[in-house]
Number of protein chains: 2
Amino acid sequence: MGEQKLFIPKGYRKTKQRESILKVLERAEYPITAEHIFMELKNDGIDISLSTIYRNLEMLTKEGLTVKSYMMNEDKARYALPDKKNYLVCEKCGKIVIIDNCPFDKFKEELIEVHGFDITGHSIEVYGICPECQKK
Amino acid sequence: MGEQKLFIPKGYRKTKQRESILKVLERAEYPITAEHIFMELKNDGIDISLSTIYRNLEMLTKEGLTVKSYMMNEDKARYALPDKKNYLVCEKCGKIVIIDNCPFDKFKEELIEVHGFDITGHSIEVYGICPECQKK
DNA sequence: GTTTTTTTGCAAATCATTTGCATTTGAAAA
DNA sequence: TTTTCAAATGCAAATGATTTGCAAAAAAAC
Ligand SMILES: [Mn+2]
Ligand SMILES: [Mn+2]
Ligand SMILES: [Zn+2]
Ligand SMILES: [Zn+2]
């Protein structure tokens, strides 16, 4: 029972495009755009259509393998594996730092009690100034 | 020293369009789209251009009077006054419930210590199933 | 190998949002 | 007040990320 490797959800076919998209998302350190995936794959010498990327990201998000989010002052969506969905963004340099051990989990119960919702997921975006930018 | 009423930020002019947009945002119970503001104003008999709404929302957001966010499965931005920026969304019926007394505030310190960021703001979106939809 | 269904690529369409520009309006200055 | 001038608006056109139609290619089923 090792780490759960990336997999293609039941009912979908295994294609080199699909697998390469997942590979890029796996090595990404924070949420990235469809265009970013496209260029990354071009570097790897993998030819793929942007629409294929969008279609796969939609599927992966529907199946819960990826999470879609938008960042301040950007007009394009970003996608990431679920463990990279909560992050800090520096308002000066744009640096993105993943928040692991999401503190929000501790409040799930409180939220359930107060609002009666059955909570299935969440997304947090925190803005600030990173240590480097604070010095400047 | 009563409640801080809505105001037009220093350096900007007071126009009926600007004020009516703020009024709509004030009475809204959760984040709404530019198009929603447009229709709301049309109902009120106020004639305004969609681009004026977008231009004002951009200004208001830059000045910190409004907060922009995106919701799951939507491809349009929503805007709200800062006290309505954190919310629960029912994945079945789409109901939106504002989270007041944001639990996240309690973790600001922890986040500052761990990552050294000077935190200036945040946005939380929680997905789930509302009590009504749980019964069905 | 053949069939069936899914997936892909490409080009065209969509649609929320942005922008250029002429016109109107707010408010500072006279 | 009236004048003056930058800021704001409306309208139409442009933008650009994302979506979609359709024919060809590829994967899984038979
Ligand atoms: Mn769209
Ligand atoms: Mn755009
Ligand atoms: Zn920084
Ligand atoms: Zn519901």
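Everything numeric in this text was worked out from a predicted model, so none of it was measured. To find a chain, count down the sequence lines: A is the first, B the second, and so on, and within it residues start at 1.
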Between CD of B:E74 and C1' of D:dA17 the distance, given in whole Å, is 17 Å

How bent is the helix from C:dG1-D:dC30 to C:dA30-D:dT1, comparing axes over its five end pairs at each side, to the nearest 10°?
40°

Indicate whether OP1 or OP2 belonging to D:dG10 is found under 4.0 Å from a side-chain N or O atom of B:Q17.
yes

Starting at the 5' end of DNA chain C, which residue's closest nucleotide do you reach first, B:S51 or A:R18?
A:R18

Looking only at heavy atoms, the pair that brings A:Y79 and A:L25 closest together is O-CD2, 3.6 Å

For nucleotides 22-30 of chain C, 5' to 3', base contacts (B), sugar-phosphate-only contacts (S) and non-contacts (-) with protein non-hydrogen atoms under 4.0 Å give ---BBS---

Looking only at non-hydrogen atoms, find the nearest pair between A:G94 and A:V89 and report the distance.
O-CG1, 4.2 Å

Give, ordered by number, those residues of residues 28-49 of chain A having at least one heavy-atom distance below 4.0 Å to an atom of DNA chain C; if nothing qualifies, reply none.
A:D47, A:I48, A:S49

Side-chain (A:K84) to main-chain (A:A28) donor-acceptor, under 3.5 angstrom:
yes

Any non-hydrogen side-chain atom of A:V126 less than 4.5 Å from a side-chain atom of B:H115?
no

Non-neighbouring partners of B:D118 that pass salt bridge (Lys or Arg N to Asp or Glu O under 4.0 Å), sequence neighbours left out:
none

Atom CG of B:L50 and atom P of D:dG10: how far apart are they, to the nearest Å?
10 Å

Given side chains that start at C-beta, do those of B:K136 and B:K92 come closer than 4.5 Å, heavy atoms only?
no

Atom CG of residue position B:N101 - does it have more than 12 heavy atoms of other residues, nucleotides or ligands inside 6.0 Å?
no

When you measure from every atom of DNA chain C, which of residues 53-71 of chain A have a heavy atom less than 4.0 Å away?
A:R55, A:N56

Spacing between A:D75 atom CG and C:dT19 atom C1', to the nearest angstrom:
14 Å

Among B:I46, B:N43, B:I37, B:I53, which residue satisfies the side-chain contact (heavy atoms from CB on, under 4.5 Å) criterion with B:V24?
B:I37

Atom CD1 of B:I21 and atom CG of B:L65: how far apart are they, to the nearest 0.5 Å?
12.5 Å

Checking side-chain hydrogen bond (donor to acceptor under 3.5 Å, both in side chains) for the pair A:E91/B:T120: CA distance, chi angles, key distance, verdict?
CA-CA 9 Å; A:E91 297 199 47; B:T120 56; 2.3 Å; yes

More than 12 non-hydrogen atoms from neighbouring residues, nucleotides or ligands closer than 6.0 Å to CD on B:E74, yes or no?
yes

Length of the line joining B:K76:NZ and D:dG16:C1', which is rounded to integer Å:
17 Å

Under the side chain to side chain contact (heavy atoms under 4.5 Å, CB included) test, residues paired with B:H36 that sit two or more places apart:
B:I32, B:T33, B:E40

Can you measure A:E19 atom CD to D:dA26 atom C1' for me and round it to whole angstrom units?
14 Å

Parallel, tilted or perpendicular, as decided by the 30° and 60° cut-offs, for the rings of A:Y70 and B:Y70
parallel

